[in-house]
Amino acid sequence: VLGRPGAPVGGQWLRVAVPRLPRMSNATDLDALAAEPGVRVTLVADPASLAAADLVILPGSKSTVDDLDWLRRTGLADAVLAHAHAGRPVLGICGGYQMLAERIWDDVESRRGQVPGLGLLPISITFGTEKALGRPSGLAYGSLPVSGYEIHHGRVTGRPAGLAPLFTLAGGAAEGSRAGAVSGTHWHGAFENDEFRRAFLTEAAGLAGCRDFAVASDTDYAALRLSALDMLGDAVEQCVDTAALQRLIEQGPPGGLRVLCPTPDARTWHPDGRTS
């Protein structure tokens, strides 16, 4: 289980299952969900653990095609498909969004060429050599401000005209996709927007049949994150000799000790700056 959620505001929990991808990236996307009272976020590695979920989230990946292979080998892909075909909500984020496509062309990360996706969204993904980077913003559900960040090689290259977006950018451009209970976006960090997170969880609970789930109206994720960072800073200040750390950074290890760098071409670092 990710985090220690507070008790539900309503009479029911919302169970969120996230496949524990071997190459998972940007897992902090899940932190804001785990901070919500009554939302239980669990990382899963087998189909049985996913079967009981109300909402399934496919997270980001450092290698979309390789992690999609892992989903299929473990049986989790079939479990995700069964979940979606039952009309229960599925969300893909970045690499997870790409997995939901009908087909993927990847000559960059895995260099596997054309690969079939899960086919839950009527889109195609093509990987380019240039990485998309940005801090976009727009609207969700027509009126809720939402912002995030992008860092990905894959791009949507085939999209039917009638497919609804998850977000709408200024000027009307579409970001992400929605088809029934399945949705996806390339944006990380969207759940850090309190209003969007509440609206999404409320919608997901309805799709999953969780009629007694109620989202908290006062969860302030930015404040919770700042409080956690303050606690971490206090713990470091109280328990770590920061002056010794600073000396280690500036002067290297004392007493002629040598340090092996944990890299593929490992070298020995010497106090006088030499490597061997």
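Quick note: numbers below take in every heavy atom, side chains included, and nothing from hydrogens, waters or symmetry partners.
Expressed to the nearest 0.5 Å, how far CG of L248 lies from CG of D241 amounts to 10.5 Å. With rounding to the nearest 0.5 angstrom, the CG atom of D107 is 11.5 Å from the CZ atom of R112. Distance check, rounded to the nearest 0.5 Å: OG1 of T42 to CG of L30 gives 10.5 Å. The distance from atom OG of S137 to atom CD of E175, rounded to the nearest 0.5 Å, is 11.5 Å. The line from CG of L14 to SG of C210 is 5.5 Å long, rounded to the nearest 0.5 Å. Taking CD1 from I57 and CG from D29, the interatomic distance works out to 8.5 Å, rounded to the nearest 0.5 Å.
In this structure, a donor-acceptor pair under 3.5 Å is present between the side chains of D106 and S110. Between Q98 and H186, the side chains place a donor N or O and an acceptor N or O closer than 3.5 Å (distance only, hydrogens not considered). Side-chain N/O atoms of S177 and R159 include a donor and acceptor closer than 3.5 Å. Looking at S61 and R23, their side chains never bring a donor and an acceptor atom within 3.5 Å of each other. In the model, T28 has no side-chain atom that pairs as donor or acceptor with a side-chain atom of D31 under 3.5 Å.
Dense packing is recorded around CD of E250, with more than 12 heavy atoms of other residues, nucleotides or ligands lying under 6.0 Å away.
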Check: Stepwise, does the salt bridge (Lys or Arg N to Asp or Glu O under 4.0 Å) test hold for R155 with E130?
Finding: CA-CA 10 Å; R155 291 168 171 79; E130 295 296 322; over 6 Å; no
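At a threshold of 4.5 Å between side-chain heavy atoms, the hydrophobic network of Ile, Leu, Val, Met, Phe, Trp and Tyr places V115 and V108 in one connected group. Cluster membership for L163 and W187, using ILVMFWY side-chain heavy atoms within less than 4.5 angstrom, is shared. A single hydrophobic cluster is seen to contain both L58 and L81, as judged by linkage of ILVMFWY side chains at heavy-atom distances under 4.5 Å, directly or through other members.
Between V39 and F213 there is a side-chain heavy-atom pair separated by less than 4.5 Å. L166 is listed as a side-chain neighbour of L91, based on a closest heavy-atom distance under 4.5 Å. With a 4.5 Å cut-off on side-chain heavy atoms, I123 and Y97 count as touching. Side-chain atoms of S25 and K62, non-hydrogen and from C-beta on, do get closer than 4.5 Å to each other.
The hydrophobic cluster around W105 extends to none of the other residues, as no ILVMFWY side-chain heavy atom falls under 4.5 Å of it. Think of L133 as one node in a network of Ile, Leu, Val, Met, Phe, Trp and Tyr side chains linked at under 4.5 Å; its network also takes in Y149, I151.
Closest approach of L100 and S183 over heavy atoms only: CD1-O, 3.6 Å. Among all heavy-atom pairs drawn from L207 and P89, the shortest one is CB-CD, 3.9 Å. Minimum interatomic distance between M24 and A27 (heavy atoms only, all atoms of both residues): SD-CB, 3.7 Å. In terms of heavy-atom proximity, G117 sits nearest to I104 at CA-CD1, 4.5 Å. Considering every non-hydrogen atom in both E150 and P136, the closest pair reads OE1-CG, 3.8 Å.
Not counting sequence neighbours, H83 has no partner by the ring pair (Phe, Tyr, Trp, His ring centres under 6.0 Å) test. In this structure, the ring pair (Phe, Tyr, Trp, His ring centres under 6.0 Å) partners of F191, at least two apart in sequence or on a different chain, are F196, F200. The ring pair (Phe, Tyr, Trp, His ring centres under 6.0 Å) search around Y141 returns none, not counting sequence neighbours.
Residue pairs that meet the salt bridge (Lys or Arg N to Asp or Glu O under 4.0 Å) test with at least one member in residues 70-89, sequence neighbours left out, are D54-R88.
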